[in-house]
> 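Have a look at this one before I ask anything.
Throughout, numbering of the chain's residues begins at 1 and tracks the sequence. What you see is a predicted model; the values in this text were computed from it and never measured.
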Amino acid sequence: MITAVIVDDEPINVCNLQYLLTCHCPSVNIEGTAGCVDEAYSVIKAVRPDVVFLDIEMPKKNGFELLKYFKHLQFDVIFVTAYDFYGIQAIKFSALDYLLKPINIDELKATVEKIEFSLAKKLENIRLRHLMELLEDKLPLENKKIALPTQKETLLVPVQNILRCESSNNYTIFYLINGLVHVISKPIYEYEEMFRSFGFIRCHQSHLVNKRHVISILNQDSGYLILAFTDQKIPISRQRKILVKEALKS
C-alpha cells in the first residue's frame, strides 16, 4: 500500500481526489488531509506518507512554500493544480509529476503507477545494500541487522535489539527492547532458522526468544521465561523444557 496525504484548500477538491483514488487506485491509502500549508506540515510530520498530493495555489502560502519546511524530503510529491501556467514549466524541467484539474483518470492511474515503481525500487535498493553487507560479513555478530519489511517501510533492526518474536498465524510479531512492536508477514519458523546462530530459543510453538535478554525461569506449570525490559511471562512448552534449559546453560 502507498500511504498518502492530500493538501488542498478546497474541500470539494479533496473529496473528489479521495473518491478517484478509492475507485481507480486501490493501492493508495489516504491517511490524512490538510487545507493549508501549516496544517499540512503537521499532518505530514505525523503520518510520514509515501506521497503527498499537493495543490500549488493556496491562500497565504502556496504548495512550494510547504516543501521549504522540510530539510530532507522523505516523500514523493504529485503536484495538483488548476493553473496550467503556474509553476508547470519549472515542474516539467524538474521531471516531477503533476496533475491538472479537473483530474483525468488515466493520468491519475499512470502517475500512481510511477510512484509504485519508485517505491519498489527504493525498497529493492535497501534490501540489496543489506544483502551486500551480509555477504561481505564484515560486521561482528552483535552488530548485524535484519531487514523487516513492514507494510509501510523496510526496517533495518539490530538483531541484539530484538527481545522476542511471537507467531500469529502466518505473521510474526517482533518485540524490540525499546518497546516498539512490528508485525511482519512471514511465519515464525523462517526466523527460527535465521536466528539460530544469534542465540534465539524456540521455547514454545508460538514464541522465539533472544536468550541474551532472559533474566530468569519461573518454575510454574511447565515453566516461563522472564525477559528484561518487560513484565511479560513467555511460556515454555513441556516438550521443549529440557532443550530450553540446555540452551540457556550454553
> Who pairs with Ser27 by side chain to side chain contact (heavy atoms under 4.5 Å, CB included), at least two apart in sequence or on another chain?
Ile2, Val112, Glu116
> Do you reckon Val52 sits in the same ILVMFWY cluster as Val43, going by side-chain contacts under 4.5 Å, direct or chained?
yes
> I'd like to know if Val209 and Phe174 are part of one continuous hydrophobic network [Ile/Leu/Val/Met/Phe/Trp/Tyr, side-chain heavy atoms within less than 4.5 Å].
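Shared cluster, no.
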> By the rule that ILVMFWY residues connect when side-chain heavy atoms come within less than 4.5 angstrom, directly or transitively, which residues belong alongside Ile12?
none
> Partners of Asp76 by side chain to side chain contact (heavy atoms under 4.5 Å, CB included), sequence neighbours excluded?
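Side chain to side chain contact (heavy atoms under 4.5 Å, CB included) list for Asp76, sorted by chain: Val51, Ile115, Ser118, Leu119, Lys122.
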> Indicate yes or no: at least one non-hydrogen side-chain atom of Pro235 is less than 4.5 angstrom from one of Asp221.
no
> With a 4.5 Å cut-off on side-chain heavy atoms, are Phe53 and Thr111 touching?
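Sidechains of Phe53 and Thr111: no contact.
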> Taking the side chain as every heavy atom from C-beta outward, state whether Phe75 and Val5 have any pair of such atoms under 4.5 Å apart.
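A side-chain contact under 4.5 Å is absent here.
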> If a pair satisfies side chain to side chain donor-acceptor pair (under 3.5 Å) and one of its residues is in residues 237-248, list it, with sequence neighbours excluded.
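Found none.
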> Less than 4.5 Å apart, side chain to side chain, heavy atoms only: is that true for Ile217 and Leu225?
yes
> Rounded to the nearest 0.5 Å, what's the gap from CG on Asp97 to CG on Leu54? Could you check?
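Asp97 atom CG to Leu54 atom CG measures 13.0 Å (nearest 0.5 Å).
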> Only pairs under 3.5 Å count here: list side-chain donor-acceptor contacts from residues 181-194, not counting sequence neighbours, and write none if there are none.
unit_1	atom_1	unit_2	atom_2	d
Glu192	OE1	Arg202	NH1	2.6
Glu193	OE1	Arg196	NH1	2.6

> Just to verify, what does Lys45 make a side chain to side chain contact (heavy atoms under 4.5 Å, CB included) with, not counting sequence neighbours?
Tyr41, Phe70
> Please collect all salt bridge (Lys or Arg N to Asp or Glu O under 4.0 Å) contacts where either partner lies in residues 100-113, sequence neighbours excluded, each pair once.
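Counting only pairs at least two positions apart or across chains, the salt bridge (Lys or Arg N to Asp or Glu O under 4.0 Å) contacts touching residues 100-113 are Asp8-Lys101, Asp55-Lys101.
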> Is there side-chain contact between Phe200 and Val159, with heavy atoms separated by less than 4.5 Å?
yes
> Applying the ring pair (Phe, Tyr, Trp, His ring centres under 6.0 Å) criterion to His213, which one of Phe198, Tyr175, Phe229 satisfies it?
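Exactly one pass, corresponding to Phe229.
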> With heavy-atom distances below 4.5 Å as the criterion, would you say the side chains of Ile146 and Ile162 are in contact?
yes
> Which atom pair, heavy atoms only, marks the closest approach of Thr172 to Cys165?
CG2-CB, 3.8 Å
> Kindly write out the residues that satisfy salt bridge (charged side-chain N to carboxylate O under 4.0 Å, His left out) with Asp50, not counting sequence neighbours, or none if the list is empty.
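With neighbours one apart ignored, the set is empty.
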> Remaining members of Phe117's ILVMFWY cluster at a side-chain heavy-atom cut-off under 4.5 Å?
none
> What's the spacing between Asn219 CG and Ile236 CD1 if we round to 0.5 Å?
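Asn219 CG to Ile236 CD1: 8.5 Å, rounded to 0.5 Å.
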> Are the side chains of Ile105 and Leu20 in touch, meaning some heavy atoms are under 4.5 Å apart?
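Of all side-chain heavy-atom pairs linking Leu20 with Ile105, at least one is under 4.5 Å.
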> Heavy-atom count around Asn178 CG within 6.0 Å, excluding the residue itself: above 12?
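Yes, CG of Asn178 has more than 12 neighbouring heavy atoms, counting only those of other groups under 6.0 Å.
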> Suppose we screen for side chain to side chain contact (heavy atoms under 4.5 Å, CB included). Which residues come up paired with Lys61, at least two apart in sequence or across chains?
Val37, Asp38, Glu65, Tyr69
> Could you report the tightest heavy-atom contact between Ala40 and Leu66, atom names first, then the distance?
CB-CD2, 3.9 Å
> Under the side chain to side chain donor-acceptor pair (under 3.5 Å) rule, collect the residues that match up with Gln232, sequence neighbours excluded.
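Arg164.
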> Going by side-chain heavy atoms closer than 4.5 Å, which hydrophobic residues are tied to Leu218, directly or by a chain of links?
Ile215, Tyr224, Ile226
> Can you establish whether the number of heavy atoms outside Gln74 located under 6.0 Å from its atom CD is more than 12?
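Not buried by this count: 12 neighbours or fewer within 6.0 Å.
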